[in-house]
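In listed order, ligands and their atoms are each counted from 1.
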Amino acid sequence: MNLENIRKTDPQIADAIDAELKRQQNTIELIASENCTSLAVMEACGSVLTNKYAEGKPHKRYYNGCEQIDIIEELAQKRACELFKMDHANVQPHSGAQANMAVFMATMKPGDKVLSMDLSNGGHLSHGSPVNFSGLYFDVKSYGINEYGEIDYEDVRQKAIEHKPKLIICGASNYSKIIDFKKFREIADEVGALLLADIAHIAGLVAAGLHPSPAGYAQFVTTTTHKSLRGPRGGIIMCDEQYAAAIDKAVFPGMQGGPLEHIIAGKAVALLEAAKPEFKEYASQIIKNAKALAQGLMDEGLDIVGGMTENHLMTLDLRKTGKTGKDMANVLERVGITANKNTVPNDPQSPFVTSGIRLGTPAVTTRGFMEEDMTEVAKIIASAIFSSDNETALDNLRARSMKLCEKHPLYSK
Ligand SMILES: *Cc1c(COP(=O)(O)O)cnc(C)c1O
């Protein structure tokens, strides 16, 4: 990667970027929400578009000189609508949390009721956590997952009938089963609620047709672009035509100023990439790899919340090993595997310590890992957990991780 100019101007930042590149190249990335974008996406994000103010929307801007910006943003919108089969797309949200915030703003008044998945059960902060805007300004009721790691739709329905929310949110940050959008819409219709499907995690699988689509069921679909969709960091909101004006107004002037047009160009490139047959192959391999990892871990005697995964991620349940998520995530980092601690259902530990580790396969699949590599990763993880106090063993496991990284180079050209 070319850092020629940064190196001249700011060697400290150049050194840190270089070191980060090496870290990414030399570690096995299992953080389920991360991925490695194409160089084409990065070029768009690092382009002259960062210089441009473009408040407003295509052909209705508050600044002049937006001819090329309009072309770029309209391409991003069109590609998002085509890929996800939705009427309207706003590609300006700076992040997934802001995409959700705009839907709240477009559909509700402060104090209105929302029904969403609880954070400790796999939901997202921006779906109503008490420390987030969503929980501070709205009346949030939540549903969770059962002992099989699945949403209990009858429980969701009962809660919807009891609380009569204005908005129901489905979609999660840590849920390993297929989401039944049709069922959610039936529940929403029964109580007169609107449905938001937040597909931040599974967007790549939905785009590839490997997870059912919320199109036709959810009036609003939000996503991040940087997770399984493999684009730049950012958000997109899609909706039925009748809500288009309200959504656009909520994004600007409701909560954002000038859009990040360099990132929007990156989103456009990623959306084009995601429509290609190669992406379908990629998404299919993500799922195969997740299944191989889950099976490998279970074969080593470890537990997975809900058993076999149906998508790109899983939660390793450490309760019977007597170890914590916090300690084991650090041990995994020691052996060259990056992952995050996560609560398991009814976790006896605090959210800062936890009894689980969330593992996902989008990033390693991008660099070419296949099922047999995931089996080796499962063995490394299990050995690291069972011999977490043995420095020599951990050194050997670090070397095994390194071997996998060298087998599948990242950004090597
Ligand atoms: C990651 C995520 C978000 C938020 O994305 P940011 O870009 O980090 O704000 C929102 N919803 C869900 C379900 C997510 O997993």
Ligand 1 contact on [X] by region, counting heavy-atom pairs under 4.0 Å:
X	value
A172	backbone
A200	side chain
H226	side chain
R233	neither

Basic-acidic side-chain contact under 4.0 Å: E376, K379: no
Pair R7 + D15, salt bridge at N-O below 4.0 Å: yes
Ring geometry between F133 and F104 (parallel below 30°, tilted from 30 to 60°, perpendicular above 60°): perpendicular
Lys/Arg cation over aromatic Y217: K183, 6.0 Å, 45° cone: no
Over-ring placement of R230 relative to F279, 6.0 Å and 45° cut-offs: no
Check each atom of ligand 1 against the heavy atoms of [X] and keep those under 4.0 Å away; list them by number with element.
X	value
K227	1 (C), 2 (C), 3 (C), 14 (C), 15 (O)
D198	10 (C), 11 (N), 12 (C), 13 (C)
A97	4 (C), 5 (O), 6 (P), 9 (O)
H201	15 (O)

S116, G122, G96: member with heavy atom nearest to atom 7 (O) of ligand 1: G96
Shortest protein heavy-atom distance from atom 5 (O) of ligand 1, along with the residue and atom involved: T224 CG2, 3.2 Å
Residue and atom name of the nearest protein heavy atom (relative to atom 3 (C) of ligand 1), distance in Å to one decimal: H124 NE2, 3.2 Å
Within 6.0 Å of NZ in K85, more than 12 heavy atoms from elsewhere: no
Y137 atom OH, neighbour heavy-atom count above 12 within 6.0 Å: no
Check: Q256/E55 side-chain N/O donor and acceptor closer than 3.5 Å: no
S126, any N or O under 3.5 Å of ligand 1 N or O: no
